[in-house]
Amino acid sequence: MTPIIEASALTKRYGSARGVEELTFDVPQGEVFGFLGPNGAGKTTSIRTMLDFIRPTSGTIRLFGMDPRVDGVRVHARVGYLPGELALYQRLTGEAYLRTFASLRDGVEWSYVQDIAERLLLDMTRRIKDLSHGNKQKVGLVQAFMHRPDLLVLDEPTQGLDPLVQQTFYALLEEERVRGVTVFLSSHVMPEVERICDRVAIVREGRLVAIEDIGDLKARATRHLDLHLDGPAPADAFAGIPGVREVEVHGDQLSLSVEGPLDAVIKHAARYTVVNVETHEPSLEDLFLAYFGADGSAPDVDGADEAPS
Amino acid sequence: MRGLLAKAVRDQRRGVIGWGIALSVVVLMYAAFYPSIKESAADLQAYIENLPEAISSIFAGEDYTSPVGYLESEFFNTMGALVVLIFAIGAGARAIAGEEEAGTLDLLLSAPVRRREVLATKAIAIVASLVALGAVTAVSIALFGPPFDLSVPLADIVAACVMLALLGLSFGGVAFAVGASTGRRAIANAAAGGLAVVTFIVHAIGPTVQWLRPLRPLSPFRWYQDPGLLTGGLHLRNVLVLTGIAVVSYVVAHIAFERRDLAS
């Protein structure tokens with residue numbers, strides 16, 4: 001079966017500015033694919049080639065097996081897009097804006113538009129220029145979902161959304177996934193990608209560092225763990241426990257950096273009287289550390305260059 | 001395509017209403033001045049003749065105080081042209097470059113529409129706007145002129161207003177093409193506005209500056225004004241030249257916009 005997205009040695013260079021270099025990846029139908037990297041890593045550049053806003057310097061990108069440059073209309077009819085830097089028509093109300101976009105597409109059911117808008121708690125009667133950043137983001141989201149696309153291309157979709165609305169967005173996304181929709185989601189937030197993606201590509205400085213199943217990624221990530229004991233902690237208490245990379249002792253508190261599963265650490269901690277355990281989500285930096293090592297040595301790119309299957 | 005066209009037309013609506021009102025007010029003002037101008041006709045004529053030749057040639061060959069001469073020199077060749085050019089150049093520059101700079105072009109083009117359709121609908125909307133402004137001008141002159149003794153045959157008014165709209169279309173086309181090629185509104189405005197100023201001057205003082213004379217045919221104003229806007233109806237060659245500039249501009253816009261990367 002043709003992958004929904006197929007990038008093959010996709011390269012975009014802008015003069016001296018950084019673009020993307022030789023990106024190769026496939027996204028099969030029904031997958032939620034994360035595109036994770038710091039700002040400026042080339043996430044938006046990749047997305048803009050998918051929609052034919054910019055043209056690759058070399059290599060190819062295909063959506064639904066089609067070249068977006070040749071079959072732009074057919075491709076766009078099946079894609080829901082949320083840009084990273086959302087710019088809407090300021091003078092229109094949310095409703096006027098969405099009606100305009102509905103008029104550009106076939107088969108938008110207005111009741112469905114109202115339904116999503118309601119769930120996201122969007123007041124469509126207000127002018128866009130009077131909306132908060134989060135509310136503008138909701139207009140963008142409704143616009144991306146309104147025609148029930150086969151592929152959602154979302155560039156940093158939850159930025160500016162309050163936590164409650166974020167949950168609604170995740171629920172909406174889950175419903176779409178059940179429907180068989182493919183999702184390409186760019187993010188620089190590790191927990192978000194962990195939560196909703198099946199597979200994740202890690203990009204840095206325009207290059208693909210790795211593509212991994214989310215489970216493997218989690219296993220590989222370095223976690224930070226604070227243990228509060230009921231008395232002063234021995235300095236070398238966790239030395240030599242599998243996965244432990246770093247231990248810092250502050251009186252009754254131990255701060256551990258652990259790579260991979262926490263199992264051995266937890267079992268070892270059971271010997272002490274534990275008052276509290278705090279875990280911190282692995283950050284993107286931790287993840288890069290896992291791939292590059294502290295010295296920034298050659299990345300381990302298993303999976304990144306595998307032949308399209 | 002229909003949705004795009006509706007959007008393009010709606011985008012123009014405010015501008016057309018505003019500039020349409022401005023044009024009628026300008027016409028009404030000049031019509032209201034006409035009786036006193038005519039009264040002091042002799043003084044004025046003498047004054048013009050005493051101006052340095054470079055300046056007086058701007059008004060040359062016209063009976064400045066007849067309805068035709070007054071409307072041509074005071075409105076069509078100056079204020080009216082200025083208002084229409086400001087509107088047309090602004091609209092042309094805004095069409096693609098404005099949306100691109102605002103960042104709204106991305107989402108518009110993420111809909112199942114072709115770039116060329118966006119371009120075409122925006123061009124159609126600008127043409128429609130200029131037709132509307134030309135019509136408003138013609139109606140204003142026909143309505144506000146006669147009460148002040150400023151009467152010109154309707155057919156001549158219409159012909160002059162067609163030329164006025166075409167003048168706007170040619171310079172608006174240049175702004176449209178530069179905007180669609182560069183994505184930069186300021187560049188589009190500066191290029192088309194600068195061109196308008198330079199070609200206006202070339203045409204206006206060309207008769208008195210020896211070395212400028214051969215350049216006059218290069219000025220769109222030559223093809224707008226000569227041999228007279230309100231006499232002799234439409235001159236086919238003039239219509240063709242101004243329309244030609246607009247058409248060439250559109251083709252340039254099309255080729256450049258289809259090929260290039262959009263700014264993010």
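Chain identifiers are assigned alphabetically (A, B, ...) following the order of the sequence lines, protein sequences preceding nucleic acid strands; residue numbering begins at 1 within each chain.
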Should we say atom CZ of B:Arg260 is surrounded by more than 12 heavy atoms from elsewhere, each under 6.0 Å from it? yes
Would you compute the distance between atom CG of B:Leu107 and atom CG of A:Leu88 and round it to the nearest 0.5 angstrom? 6.5 Å
Segment of A:Arg69 engaging chain B (4.5 angstrom heavy-atom cut-off): side chain
Measuring heavy-atom distances to chain B, does A:Gln143 have an atom under 4.5 Å in its side chain, in its backbone, in both, or in neither? side chain
Counting only non-hydrogen atoms closer than 4.5 Å, does B:Ala102 touch chain A with its backbone (N, CA, C, O), its side chain (CB onward), both, or neither? backbone
Tell me, with the steps shown, if B:Lys7 and A:Leu104 meet side-chain contact (heavy atoms from CB on, under 4.5 Å). CA-CA 10 Å; B:Lys7 179 198 170 293; A:Leu104 301 178; 5.5 Å; no
So which part of A:Tyr81 gets closer than 4.5 Å to some heavy atom of chain B, the side chain, the backbone, both or neither? both
At a heavy-atom separation under 4.5 Å, does A:Arg78 approach chain B through its side chain, its backbone, both, or neither? neither
Heavy-atom closest pair, residues A:Phe53 and B:Asp106: CZ-O, 3.0 Å
Please report the closest heavy-atom contact between A:Ser103 and B:Gly3, naming both atoms and the distance. OG-CA, 3.7 Å
For B:Glu117, is it the side chain, the backbone, both or neither that has a heavy atom under 4.5 Å from a heavy atom of chain A? neither
Contacting region of A:Arg48 [heavy-atom separation from chain B under 4.5 Å]: side chain
Looking at B:Arg2, B:Arg114, B:Arg115, which has the largest count of heavy-atom pairs under 4.5 Å with chain A? B:Arg115
With a 4.5 angstrom heavy-atom cut-off, which part of B:Leu108 approaches chain A: side chain, backbone, both or neither? both
Measuring from atom CE of A:Met50 to atom OG of B:Ser110, what distance do you get when rounded to the nearest 0.5 angstrom? 14.0 Å
Contacting region of A:Leu86 [heavy-atom separation from chain B under 4.5 Å]: side chain
Neighbour count >12 (heavy atoms, 6.0 Å) for atom CZ, A:Arg207: no
Do side-chain atoms of A:His76 reach the backbone of B:Leu109 as a donor and acceptor pair under 3.5 angstrom? yes
Can you tell me which portion of B:Ala6 sits under 4.5 Å from chain A's heavy atoms? Options are side chain, backbone, both or neither. neither
Please state whether the side chain, the backbone, both or neither of B:Glu258 comes within less than 4.5 Å of a heavy atom of chain A. backbone
Return yes when atom CZ of B:Arg14 has more than 12 non-hydrogen atoms of other residues, nucleotides or ligands closer than 6.0 Å, and no otherwise. no
